[in-house]
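Scroll down for the structure; my scribbles are underneath it.
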Amino acid sequence: MFSTAQQQKIQLGLNVLLTEKSDWIRGKSIGLITNHTGVDATLRSNYRLFAEVSSCRLSAIFSPEHGFWGALQDGIAVNSLNVPDENLSRRNIQAKTPYLASIPVYSLYGQSIRPTVSQLEGIDLLVYDMQDIGARYYTYISTLLHAMEAASDHGIEFIVADRPNPITCNAVEGPVLARECESFVGIHTVPIRYGLTIGELATLLKTERVPACRLKVAWMHGYERGMWYDDTGLQWVPPSPNMPTLTTAILYPGLCLFEGTNMSEGRGTTNPFEYIGAPWCNGEKWAEILNALCLPGVLFRPVVFTPAPAAENTKHAKQTCGGVAIHITDRECFLPVETVIHMLSTLTTEYRDVFAFLPTHFDRLAGNNWLRDALLKGKSLDTIRAQWTEELQLWCENTTQYHAYD
């Protein structure tokens with residue numbers, strides 16, 4: 001049923017669940033929360049592996065933002081078929097994927113953000129298995145919490161098949177979200193870069209939010225906290241359309257804040273979150289200013305780019321933008337959130353007449369109502385960092401109890 005890739009350095013929670021912990025799923029009717037990233041080391045899909053286990057029954061699949069196939073852009077409500085083209089029939093989709101021929105696929109990013117009573121009918125166990133990014137904004141962790149709540153409400157067992165934090169568990173950064181600022185892009189009081197695997201985060205959420213959840217975690221074997229994704233021997237599967245590479249994931253905890261501004265964050269280009277710009281931006285000048293700061297682990301290159309209209313909300317679509325490309329020179333010392341604080345500070349100074357925040361969305365991403373104000377008032381990085389240092393230290397001290405790996 002399962003073969004191991006020669007280069008694999010870790011064993012995923014999925015494989016542990018299907019082998020050593022197979023008694024957890026024996027005789028169960030399973031609802032699988034997953035998407036296209038739910039694969040093993042040989043890129044075999046988890047739904048196929050579960051369907052081949054005779055001792056359990058895969059009864060339903062639930063998918064997050066971007067749909068089951070990971071094909072939809074951000075913020076787009078996913079239809080029940082989980083495909084970009086609503087005119088495609090379920091029969092056509094399932095004919096191309098025989099393992100799904102009799103299994104309903106429900107969206108958790110559309111009319112409902114949690115499994116409904118009718119969808120959970122007859123299900124004994126929910127299994128969560130898909131690749132996270134390690135940043136608070138990424139909505140897969142919101143889907144995790146809502147699914148845990150649904151399982152708790154209905155007395156259903158819940159298993160997380162653990163996967164790596166692709167940007168390592170050894171770094172945490174940014175402000176901890178204020179509880180009053182919770183949203184689907186900030187589901188709990190965690191920092192922007194939170195330094196846990198999805199299994200570790202689930203154990204924290206059980207303690208702090210869903211104590212009645214009947215949670216089990218199938219932990220990985222061979223994983224170490226300091227591993228980057230390319231240290232694991234696993235193949236990178238883009239978790240969403242604008243997360244094509246590990247480099248994108250490393251940049252994302254900081255660069256995603258540009259979604260809350262009037263600048264393009266590179267959506268509609270081949271380098272999302274690596275290109276930042278606007279029609280009014282002088283990339284040569286901005287790159288020179290940023291490089292003069294000698295920020296750790298990063299260099300800036302002037303670029304000109306034209307975002308394609310990848311989605312309805314693509315900023316500056318079909319307009320020529322000047323800006324910078326961000327090049328990571330040392331990922332161990334690169335600080336994405338602090339880097340973006342510097343970038344935003346220079347914009348509020350150099351382009352005060354044209355640069356603007358999108359207040360509601362920026363505050364939602366920042367997880368507070370003070371960061372935007374501090375930037376507009378020209379406060380230094382040291383002053384801004386000091387405002388989150390104590391809460392970040394408390395986060396680190398509190399979360400050591402949830403660490404499952406050295």
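Ion pair Arg44/Glu52 flagged as a salt bridge, since at least one NZ, NE, NH1 or NH2 atom sits closer than 4.0 Å to an Asp/Glu carboxylate oxygen. The pair Arg372-Asp363 meets the salt-bridge criterion, since a charged nitrogen lies less than 4.0 angstrom from a carboxylate oxygen. Taking a cutoff of 4.0 Å between a charged side-chain nitrogen and a carboxylate oxygen, Glu182 and Arg209 qualify as a salt bridge. Electrostatic pairing of Arg225 and Glu200 counts as a salt bridge here, judged by a charged N lying under 4.0 Å from a carboxylate O.
In this structure, Lys216 contributes its side chain and Ile159 its backbone to no donor-acceptor pair below 3.5 Å. Looking at Asn242, its side chain never comes within 3.5 Å of a backbone N or O of Pro272 through a donor-acceptor pair.
Asn368 and Cys181 get closest at one heavy-atom pair: CA-SG, 3.7 Å. Closest of all the heavy-atom pairs between Arg385 and Glu338 is NE-OE2, 2.9 Å.
The number of heavy atoms from other shown groups lying within 6.0 Å of CG (Asp406) does not exceed 12.
Residue pairs meeting the ring-ring contact (aromatic ring centres under 6.0 Å, His included) criterion with at least one member in residues 211-232, sequence neighbours excluded, are Trp219-Tyr405, Tyr223-Tyr405, Tyr229-Trp236.
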Evaluate the ring-ring contact (aromatic ring centres under 6.0 Å, His included) criterion for residues Phe273 and Tyr275: first the C-alpha distance (whole Å), next the side-chain angles of each, then the deciding distance (0.1 Å), finally the verdict. CA-CA 6 Å; Phe273 302 107; Tyr275 289 175; over 10 Å; no

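Ring-centre distance between Tyr109 and Phe184: below the 6.0 Å cut-off.
At least one side-chain heavy atom of Asp153 sits under 4.5 Å from a side-chain heavy atom of Arg114.
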